[in-house]
Novice: 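Quick one: the structure is below, and I'll ask about it shortly.
The structure displayed is predicted, hence computed values, not measured ones.
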Amino acid sequence: MAETGEEETASAEASGFSDISDSELVEFLDLEDAKESAVSLSKPGPSSELPGKDDKPVSLQNCKRGLDVLSPMDRFHLKYLYVTDLCTQDWCELQMVYGKELPGSLTPEKAAVLDIGASIHLAKELELHDLVTVPTTTKEDAWAVKFLNILSMVPTLQSEGRIREFPVFGEVEGIFLVGVIDELHYTSKGELELAELKTRRRPVLPLSAQKKKDYFQVSLYKYIFDAMVQGKVTPASLIHHTKLCVDKPLGPSVLRHARQGGVSVKSLGDLMELVFLSLTLSDLPAIDTLKLEYVHQETATTLGTEIVAFEEKEVKSKVRHFVAYWMGRRDPQGVDVEEAWKCRTCDYVDICEWRRSSGMLSSLREPKAKKLK
DNA sequence: ATTGCTGAAGGG
């Protein structure tokens, strides 16, 4: 039966980053001489003739000068981050940065593993509800669909006890985060549990570095979800961070979808108020338990289940450290020497500056530092 | 456009 489980199909490509490859290249080049301030054109050869653009040297120069002072948030034209941005940053900050600068550079092998994981998640979602495609053109439309999803999911959670792919958003330590909770359900004891499924290519439990990242992910979800149901994520804060235009008319397909869902709203502003009321007046509790489940992709065997303790102070200080990079208060860091094994599977190992400087050198000087148990 | 822009997560 067609219980509501909506999802918009935004025409995302048109507004993606694909059309600003020129400036991306400039930004990338600039990374290398970012610390020596006030160099105008330190790369005599290539920079004076970037891909077929000898027509705007002035903007290039402005760009390069500005980059020294622009924060990564500004450089990447971001107003908010995804929860998973901070999680990949937790794995290796520099790898995350390279990933932002050179999008779509995953090896096909990795992409395939991710695709399988995504399809398993999709299959589980479809067990709970159908998907409806709602075409959207503006970001206001896309957010409206997200809000309509919340409006239908909150009562579903309260009546049926289980929902999947619940959108969350809110400010943490000065940065606005957006994410999606894999699953929320009430346990037999009546506790609200967050369940995060992690599928794995090989039938073994993850190393602790991976687990740490997963703990961080679900902890962030709880932090944001709790803030939402406690009324700490206000429409004003949302508007401030996302720069959504609450008065911009919603697209026809979104309006039709809202009407079919029994929601009559004129504007995005109305919708946001409705969401705020739904979140705060539906008797939603804070999340009681955080559960991670590791499952083998091929055989669907459960490899292990972990209950994560929520450590608010640790989560916040970790976010604060990561946000310092995004706000431009510090340079990005690579992994510590003892985690250099991560570089073995990194797509950016050949261009990584970190390996040439600081951390990695000490491992070359001290190769005898083998593990003494 | 002398400018603006975002499905999030996907696994290691």
Novice: Between B:dG11, B:dA9, B:dT6, which nucleotide has the shortest distance from any of its atoms to the side chain of A:Val180?
Specialist: B:dA9
Novice: Tell me, with the steps shown, if A:Asn149 and A:Glu165 meet side chain to side chain contact (heavy atoms under 4.5 Å, CB included).
Specialist: CA-CA 9 Å; A:Asn149 281 336; A:Glu165 309 294 318; over 6 Å; no
Novice: Under 4.0 angstrom, heavy atoms only, what part of the nucleic acid is A:Thr107 near: base, sugar-phosphate, or nothing?
Specialist: nothing
Novice: Any chance CZ of A:Arg202 has more than 12 other-residue heavy atoms, nucleotides or ligands included, within less than 6.0 Å?
Specialist: no
Novice: Does anything in residues 208-217 of chain A reach DNA chain B, meaning a heavy atom under 4.0 Å, and if so which residues?
Specialist: A:Gln210, A:Lys213, A:Gln217
Novice: Assigning hydrophobic clusters by single linkage (Ile, Leu, Val, Met, Phe, Trp, Tyr; side-chain heavy-atom cutoff under 4.5 Å), is A:Leu194 placed with A:Val180?
Specialist: no
Novice: Just the rounded figure in Å: distance from C1' of B:dG7 to CZ of A:Phe169.
Specialist: 14 Å
Novice: Verify the contact: side-chain N or O of A:Lys79 to OP1 or OP2 of B:dC5, cut-off strictly under 4.0 Å; return yes or no.
Specialist: yes
Novice: Report yes if at least one side-chain N or O of A:Tyr221 is closer than 4.0 Å to OP1 or OP2 of B:dA9; otherwise report no.
Specialist: yes
Novice: Should A:Trp91 be counted as stacked on B:dG12, where stacking needs a ring-centre gap under 5.5 Å and an angle between planes under 30 degrees?
Specialist: yes
Novice: Determine: side-chain N/O of A:Thr345 to OP1/OP2 of B:dG12, distance under 4.0 Å, yes or no.
Specialist: no
Novice: Give a yes or no on this: more than 12 heavy atoms of other residues, nucleotides or ligands lie within 6.0 Å of atom CD of A:Glu314.
Specialist: yes
Novice: So does A:Arg200 get a side-chain nitrogen or oxygen closer than 4.0 Å to the phosphate oxygens (OP1/OP2) of B:dG12?
Specialist: yes
Novice: For residues A:Pro285 and A:Tyr186, determine if any side-chain heavy atom of one lies less than 4.5 Å from a side-chain heavy atom of the other.
Specialist: yes
Novice: Given atom CG of A:Asp74 and atom C1' of B:dT3, what is their separation to the nearest angstrom?
Specialist: 15 Å
Novice: Looking only at the side chain of A:Lys139 (C-beta and beyond, no hydrogens), which of the listed nucleotides B:dG11, B:dC5, B:dA9 gets closest?
Specialist: B:dC5
Novice: Within this structure, what is the CG-to-C1' distance between A:Leu122 and B:dA9, rounded to whole angstrom?
Specialist: 12 Å
Novice: Rounded to whole angstroms, how far apart are CG on A:Asp141 and C1' on B:dC5?
Specialist: 15 Å
Novice: Examine the base of B:dG12 for any acceptor or donor lying under 3.5 Å from a partner atom in the side chain of A:Gln95, and report the outcome as yes or no.
Specialist: yes
Novice: What is the distance from CG of A:Leu244 to P of B:dG4, rounded to the nearest Å?
Specialist: 16 Å
Novice: Rounded to the nearest angstrom, tell me the gap between atom CD in A:Glu125 and atom C1' in B:dA9.
Specialist: 12 Å
Novice: In whole angstrom, give the distance that lies between atom NE2 of A:His77 and atom C1' of B:dT3.
Specialist: 10 Å
Novice: Examine B:dA9: is either OP1 or OP2 under 4.0 Å from a nitrogen or oxygen in the side chain of A:His121? Give yes or no.
Specialist: no
Novice: Nearest whole angstrom, please: distance from the P of B:dG4 to the CG of A:Leu70.
Specialist: 14 Å
Novice: Say we look at B:dC5 and B:dA1: how far apart would their P atoms be, to the nearest angstrom?
Specialist: 15 Å
Novice: Not counting sequence neighbours, list each pair that qualifies as a salt bridge (charged side-chain N to carboxylate O under 4.0 Å, His left out) and has a residue in residues 229-245 of chain A.
Specialist: none
Novice: Return the 5'-most residue of the pair A:Asp85, A:Leu81 with respect to DNA chain B, ranking by each residue's nearest nucleotide.
Specialist: A:Leu81
Novice: If you find the nucleotide of DNA chain B closest to A:Thr138 and the one closest to A:Ala118, which residue's nucleotide is nearer the 5' end?
Specialist: A:Thr138
Novice: Any side-chain donor-acceptor pair under 3.5 Å between A:Glu171 and A:Tyr80?
Specialist: no
Novice: Would you say A:Tyr82 stacks on B:dT6, if stacking means ring centres under 5.5 Å apart and planes within less than 30 degrees?
Specialist: no
Novice: Is the backbone N or O of A:Leu284 less than 3.5 Å from a side-chain atom of A:Ser282, with the two atoms forming a donor-acceptor pair by type?
Specialist: no
Novice: Within the structure provided, determine whether A:Lys110 and A:Asp347 are in side-chain contact (heavy-atom separation under 4.5 Å).
Specialist: yes
Novice: Check the phosphate of B:dG7 against A:Lys146, side-chain N and O only, distance under 4.0 Å to OP1 or OP2. Yes or no?
Specialist: no
Novice: When you check the phosphate oxygens OP1 and OP2 of B:dG11, does a side-chain N or O of A:Thr199 lie under 4.0 Å from one of them?
Specialist: yes
